[in-house]
Amino acid sequence: MPDKRWLHHLARGGLLSLLFALLISGARQISLTADEPSHVTSGYTGLASGLGGLWTLPRRGHPLLIDAWLALPIYVSQPGIPLEQLDGWGEDYGVFVEAFMARLQPFERVKLAVRAPEILLTLLLAAVVCRWGSDLWGQWAGTLALGVLVFDPTLLAHGRLATNDVGVVALGTLALYCTWRWKRQPSWTKALVAGIVLALTMLAKASGVLWVAAALLMMLETAFRRRAEGHVLSHLGQMALAGGVSFFLLWGSYGFSWGPVPGFPCSLPAPAHWEALSFQTRSADERWVFALERRKSGVWWWYFALAFLIKNPLPLLIGLVFGVAVPCRPSKSRWVTLGLFPLLYACTIMWKGLNVGYRHMLPVHPFLYLGIAGGFTQCRRRLQSMLAWRGVAGILGAWYIVGTALVYPYEIAYFNELVGGPDGGYRYLADSNLAWGQSDHILDAYAEAHPDVFTDPPAAQFRPAPGSYIMNASYLQGVGLGDPYAYEWFRHREPLAILNHSLLIYDVPPSEGGWFAQCEIPRAPLSGAAIVEGTGQESVRRARFDCTQAWLYPGGGQEAGTYVLDRALLEEGGWHRLSLWPAPSAPSDPFVARHLTRARLAFGHAGDAHRTAFALYEMPPDVVEWPVCPEAYASRGNARPDGLADSDSVEAPVALQGPLAFLGAAAYAGGESLEVETWWQATEGPIHRPFSIIGQLVSFEGETYGMFDKLAMSPLTLLPGDIVV
């Protein structure tokens with residue numbers, strides 16, 4: 001068989017060149033993302049101030065190695081920025097970042113300079129994956145693994161940004177590759193090299209300890225598996241060397257400091273490093289997150305599983321299933337190597353990971369590439385004579401490449417076809433999964449071309465002022481804003497258009513709502529001042545009623561308005577069958593649900609220290625239909641008819657000698673219960689005398705089954721034309 005290594009070298013050179021071009025070109029086109037200023041500022045502070053810059057670690061949770069690497073071009077060109085004189089130095093890191101970035105304006109001038117170091121680390125990762133695949137399964141596997149990497153939208157999206165997300169993956173993957181080389185042929189030199197790279201990994205990001213744990217477990221497994229060779233003590237000694245070197249270098253990077261760490265019972269070496277790790281843990285519990293139309297502070301165990309399913313291209317997921325599940329016979333040691341770290345990392349991040357972006361799952365991606373390449377390579381010889389093999393591989397490859405190309409260079413917003421592609425992703429995830437600031441220049445251009453468009457949150461949240469609005473999709477979901485409910489009204493409407501997969505445009509018509517009716521059970525959620533603030537209208541009509549006993553249609557339903565319900569009256573909707581989409585919350589009381597059938601959920605609030613949880617339902621005008629009674633009978637109020645023969649037949653509406661006219665009645669059977677609704681319309685108001693509606697359910701024999709004697713609202717609430725049920 002002719003030697004085809006030259007062909008693989010040519011293909012790999014082309015793929016690496018293509019990767020570099022995609023990263024550089026994309027880095028020029030996208031705007032500054034949310035976390036990049038923080039990383040650059042921290043890195044410059046570390047370079048300029050040395051150990052004096054460690055004050056940033058407990059305030060942001062990231063070690064300085066990669067940040068310093070990112071800021072190196074800025075430091076070389078501008079080494080004299082007076083950091084100690086900037087606002088926020090040593091106290092408020094957010095203020096300090098703003099003051100520092102002001103020295104770099106316009107940022108477009110330095111954008112590529114601070115992103116180039118991360119691009120180099122991305123190329124390092126690509127080279128390591130390619131080499132590891134070749135060492136595991138041969139040249140073809142290395143080339144295939146590299147090809148899968150080059151067109152991975154998540155890697156492309158973050159491999160060009162001035163953050164530490166891909167940098168730590170590059171160093172961590174290199175560390176595990178060095179550990180794997182030690183597993184194949186243990187030596188003191190290889191253990192030393194692995195220890196050095198593991199130290200760099202820990203200095204790259206707080207999560208670096210997970211790579212160290214995986215590497216030491218790999219070494220321990222090797223020592224146990226090869227114990228029959230009689231080198232257990234030597235192997236354990238080399239493992240201790242790797243761990244000791246990594247710890248020594250880590251400690252030395254912090255000036256061999258020693259001190260207390262909040263949350264730990266005793267003092268520790270390199271306390272700033274562990275304070276950073278503690279900060280990340282606390283952030284996971286405190287951060288406001290969004291997924292599947294739900295928002296909370298904390299962690300969902302299923303968050304990253306969902307993100308894995310919808311943020312990765314379907315061809316990659318299909319290839320992974322094929323690569324892992326095909327009946328091949330790989331070495332157990334190889335699969336322990338490839339499976340240990342992803343399993344450890346995935347379990348940890350699902351338990352305590354920041355639910356802010358799928359980018360935190362990037363550490364497992366090199367093993368996806370290797371798993372796909374390994375599975376396909378080992379089955380290639382068995383299937384190479386089948387035309388179906390080449391056809392399936394070609395279709396998957398073309399699908400994979402085209403899907404990534406269509407979203408380039410805004411791969412941050414990539415979502416697969418399960419959720420409707422990139423334009424459908426905003427309904428499922430937010431933050432760095434979708435809109436991380438990469439399209440800010442497009443937003444600015446749109447606002448300049450449309451000077452009347454609103455770019456700020458509406459002052460009246462319940463009823464925004466009419467006009468056109470454009471917003472970041474993450475802001476829509478309440479992420480990245482001081483008030484997570486700033487755009488809540490828009491969340492329950494379809495956008496007019498979507499720009500760049502992450503900018504949403506809405507057209508708000510003039511408000512038709514003229515009243516606010518609150519259910520008082522278990523409590524009325526909104527004060528009068530809150531309604532005025534939320535609607536921007538001083539004269540909005542406000543009414544209250546007990547929605548579990550009666551229903552009020554202000555103005556007879558001829559004018560649009562809004563109902564306000566305590567969230568205690570709603571129940572979670574669960575999940576739609578065969579869908580990733582959650583069913584909406586709905587009233588648990590059938591009576592309430594019947595009268596909100598024509599209404600639309602317009603606003604939801606989970607409650608906080610200042611306000612109870614509530615939901616707003618907007619009712620359109622002229623949709624109220626009361627039941628028609630084909631036969632109604634009337635008799636004197638001081639007499640109870642023994643039968644219908646002594647009563648007069650009348651047609652609704654029936655005018656009475658009181659403040660209400662009878663409109664009709666309806667009955668609803670459910671199991672062994674029966675609900676009877678009577679409909680009335682106010683003929684005068686407000687009514688300053690007490691009265692109630694008395695209803696009795698009787699048999700033909702005169703036996704009373706049930707009685708109602710209540711109005712369920714203040715008579716002062718009623719105005720002429722109101723309908724009471």
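- Defined by atom type and a distance below 3.5 Å, a donor-acceptor pair is missing between the side-chain atoms of R295 and Q477.
- Inter-residue side-chain proximity for L476 and Y426 is flagged as met; some heavy-atom pair is nearer than 4.5 Å.
- Cation-pi contact between K311 and F415: present, with separation from the ring centre below 6.0 Å and deviation from the ring axis of at most 45°.
- One finds the OG atom of S585 at 12.0 Å from the CG atom of L565 (value rounded to the nearest 0.5 Å).
- When only modelled atom types and interatomic distance are considered, N312 and Y358 share a side-chain donor-acceptor pair under 3.5 Å.
- Between F603 and H492, a ring centre-to-centre spacing not shorter than 6.0 Å is recorded.
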- Could you go step by step and tell me if N164 and H39 meet the side-chain contact (heavy atoms from CB on, under 4.5 Å) rule? CA-CA 8 Å; N164 58 7; H39 285 283; 3.5 Å; yes
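- With respect to R60 and D67, a salt bridge is recorded, a charged nitrogen being found less than 4.0 Å from a carboxylate O.
- A donor-acceptor contact closer than 3.5 angstrom links the side chains of H365 and D152.
- Taken to the nearest 0.5 Å, the CD atom of E618 stands 4.5 Å off from the CZ atom of R493.
- A donor-acceptor pair is defined here as one N or O able to donate and one able to accept, closer than 3.5 Å; no such pair exists between the side chain of Q438 and the backbone of I30.
- H605 contributes a side-chain N or O that, together with a main-chain N or O of G607, makes up a donor-acceptor pair within less than 3.5 Å.
- For an aromatic pair to be called close, the ring centres must be under 6.0 Å apart, and Y617 with Y563 fails this.
- Side-chain N or O atoms of N472 include one that pairs as donor or acceptor with a backbone N or O of S474 at under 3.5 Å.
- Here the side chain of K111 pairs no donor or acceptor atom with the backbone of V114 at under 3.5 angstrom.
- Classified by interplanar angle (parallel below 30°, tilted 30° to 60°, perpendicular above 60°), the ring pair F151/Y400 is perpendicular.
- Donor-acceptor pairing under 3.5 Å is recorded for the side chains of W399 and E417.
- Ionic pairing of E488 and R491 is present here: one or more N-O contacts between side-chain nitrogen and carboxylate oxygen are shorter than 4.0 angstrom.
- At a threshold of 4.5 Å between non-hydrogen side-chain atoms, the residues P363 and W211 count as touching.
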